[in-house]
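Numbers here are sequence positions counted from 1.
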Amino acid sequence: MAETVRLPEQQRRRPLTIASLPEEIMSEILLLLPPKSILQCRAVCKAWRDVTSDRAFLLTHHRRQPPQRLLTFIRDVGSHHDDLDILDYCVEAVDFRTHQFQSLARFTGQDYDCSLEDSPFTVHASCDGLLLMSYNNYLHLCNPTTRQWLWVSPPALQHDKVVGLYAHGHPSEYRVLYYREFGLGRTFYITTVGSRKERRIWPHSSSESLRKWLTKGTEDTEFNKPFLFHGNLHWLPQSGRQNKIVVFDTLDEAFRWLHVPFKMHNVSSLLEIEGSLAMSNSHIGSSKVDLWLLQDYKHMVWVHKYRIELPVIDIRRLVEDDVWFLHIVSQEGDVLVDGSYWQFHYDMKGNLLEKFQCSGRMLNITPHILQESLIPHEVFQILDNERTELPD
C-alpha cells in the first residue's frame with residue numbers, strides 16, 4: 001500500500017492567493033480585463049505593474065480587444081429653453097456584442113449651419129487604437145484609451161484634404177496621407193507625425209488610367225472614408241459610380257486599382273471577415289444586403305458569401321420615407337440599420353436584437369474601427385519630454 005504524503009501543517013493551512021499564481025497564469029487572467037481595469041491593476045503591486053507594462057503583454061491585449069464601430073453626432077449643450085447655440089461634437093464606439101456605447105472624445109463649440117455641410121469636426125482615420133480627428137481646422141492624433149493627444153501639422157486643413165493614417169517602418173512611426181488641389185489637379189503628400197515636414201509623392205502606378213484619374217481631381221472616390229486592412233488603405237467609389245476600389249500600398253507608398261466583378265450599390269461598406277477583406281452591399285431602403293468576400297487578395301478573386309433579408313415591415317414602423325441604410329458590421333453577420341432617428345441591430349437570420357436612438361442628432365456611422373490599445377507610442381513620449389524639459 002502506497003504511503004500517503006502529508007504536507008507540513010504550515011503549507012496545508014496557507015491559503016491559495018492570486019499573488020502566488022505563476023506569472024504565465026497571472027498574465028492570462030489579466031489579459032481578460034478591459035483597458036481601464038488594466039490601468040487600475042498597475043496600482044496594486046509592483047509585480048502586476050511589471051506584467052501589465054510589458055510590451056508583449058500590451059500587444060496581445062490590444063489584439064484581443066473587440067473591434068468597435070465609431071459613431072459621430074452632435075448634441076445641444078443645455079436644455080431646449082437655453083438656446084445657447086453651443087454644440088458638443090461627440091465620438092462614441094459601439095460594441096455590437098454587448099450594445100454598450102463608450103464615449104471617446106468630445107469637442108464643444110459654436111453651432112453651425114448643417115445645411116451647408118461645413119461641420120468643423122471630422123474623424124479622418126483610425127489605426128492601431130489611435131484616432132486622427134480635426135476640429136476648427138486643427139488636426140489631432142489621439143489615443144482615447146490613454147487620453148494622450150498631440151497636434152499634427154502639416155497638413156494645413158484650410159486647403160489640404162486628409163485621406164488616411166497608417167503605420168510605416170518603425171512600430172511607432174505613423175504617417176498622414178493627404179492631397180492638395182491646384183486648379184483642376186490634385187497632388188498627394190505624406191507627413192510623418194511629429195516631424196512637421198511634408199513630402200510630395202507622385203501617384204506611382206502601373207496603370208496610366210489610374211495615374212490620370214488620381215491627379216485630375218475627380219470626386220468619384222470617397223477619399224474621406226478610408227478603410228485600413230492589412231496595413232493598406234482602401235477607398236470605395238462614390239455612390240457606386242465605378243467597380244473599382246482605390247488601394248494605397250503603405251509599404252511601397254503607391255496607388256493601385258482593386259477590381260470588383262459585381263455591381264456596387266449606393267450603400268456599400270468594407271469590413272474584415274475571417275482575416276479577409278469583405279464588402280457589405282445594398283441599396284437605400286432595401287430589405288436585403290449581400291456580403292462579398294475577397295477570397296484571393298493578390299488575384300482579386302471575390303466570392304458571394306451570403307445574403308441577409310430583414311423584415312421590412314418592422315423597420316417601416318419607425319423609419320419615415322423608406323430611407324434607411326443596411327450595413328453588415330461583423331464577421332458574425334450582425335446587421336446595423338441606420339434609420340436616421342432610430343437604429344436597429346439584427347442578426348444574420350433577421351432577428352431583431354436591439355433598437356436604440358442616438359442621444360444627439362446628425363448621426364454618422366463611420367467606416368472607422370477602433371481596437372483599444374495601451375501600447376505606448378514614442379510620438380507621445382517625445383512630446384511629453386519636450387513639455388517637461390526645463391529651459392536653459
May I ask you to check whether [Y] and [X] place their ring centres under 6.0 Å from each other?
| X | Y | answer |
| --- | --- | --- |
| F188 | F255 | yes |
| F344 | F356 | no |
| H377 | Y174 | yes |
| F248 | Y166 | yes |

Would a distance-only check, ignoring hydrogens and angles, find a side-chain to backbone donor-acceptor pair under 3.5 Å from [X] to [Y]?
| X | Y | answer |
| --- | --- | --- |
| W324 | S286 | yes |
| S27 | E23 | no |
| D296 | K298 | yes |
| S195 | T192 | yes |
| H327 | V337 | no |
| D347 | K349 | yes |
| T250 | G231 | yes |
| H62 | E372 | yes |
| E198 | Y189 | no |

Would you say [X] has more than 12 foreign heavy atoms packed within less than 6.0 Å of its [atom1]?
| X | atom1 | result |
| --- | --- | --- |
| Q295 | CD | no |
| R199 | CZ | yes |
| R200 | CZ | no |
| F262 | CZ | yes |
| I313 | CD1 | no |

Donor on one side chain, acceptor on other, D95 and Q68, under 3.5 Å: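 Result is no, nothing qualifies.
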Separation between [atom1] of [X] and [atom2] of [Y], rounded to the nearest 0.5 Å:
| X | Y | atom1 | atom2 | value |
| --- | --- | --- | --- | --- |
| L139 | S134 | CG | OG | 6.0 Å |
| L39 | T52 | CG | OG1 | 8.0 Å |
| H265 | M279 | NE2 | CE | 10.5 Å |
| L177 | T191 | CG | OG1 | 11.0 Å |
| N243 | H259 | CG | NE2 | 10.5 Å |
| K305 | S276 | NZ | OG | 8.5 Å |

Side chains of [X] and [Y], heavy atoms from C-beta outward: is any pair under 4.5 Å?
| X | Y | answer |
| --- | --- | --- |
| L157 | Y135 | no |
| L374 | T145 | yes |
| S282 | K288 | no |

G333 versus I328, closest heavy-atom pair with distance: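 Looking at all heavy atoms of both residues, the shortest contact is CA-CG2, 4.3 Å.
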Geometric class of the F227/F229 ring pair [parallel <30°, tilted 30-60°, perpendicular >60°]: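 Geometry flag for F227 against F229: parallel rings.
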Aromatic plane relationship, F107 with F121 - under 30° parallel, 30 to 60° tilted, over 60° perpendicular: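 If you compare the ring of F121 with that of F107, the planes turn out tilted.
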Co-membership, hydrophobic cluster, residues V329 and L71, 4.5 Å side-chain: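 As far as the 4.5 Å side-chain criterion goes, L71 and V329 are connected within one cluster.
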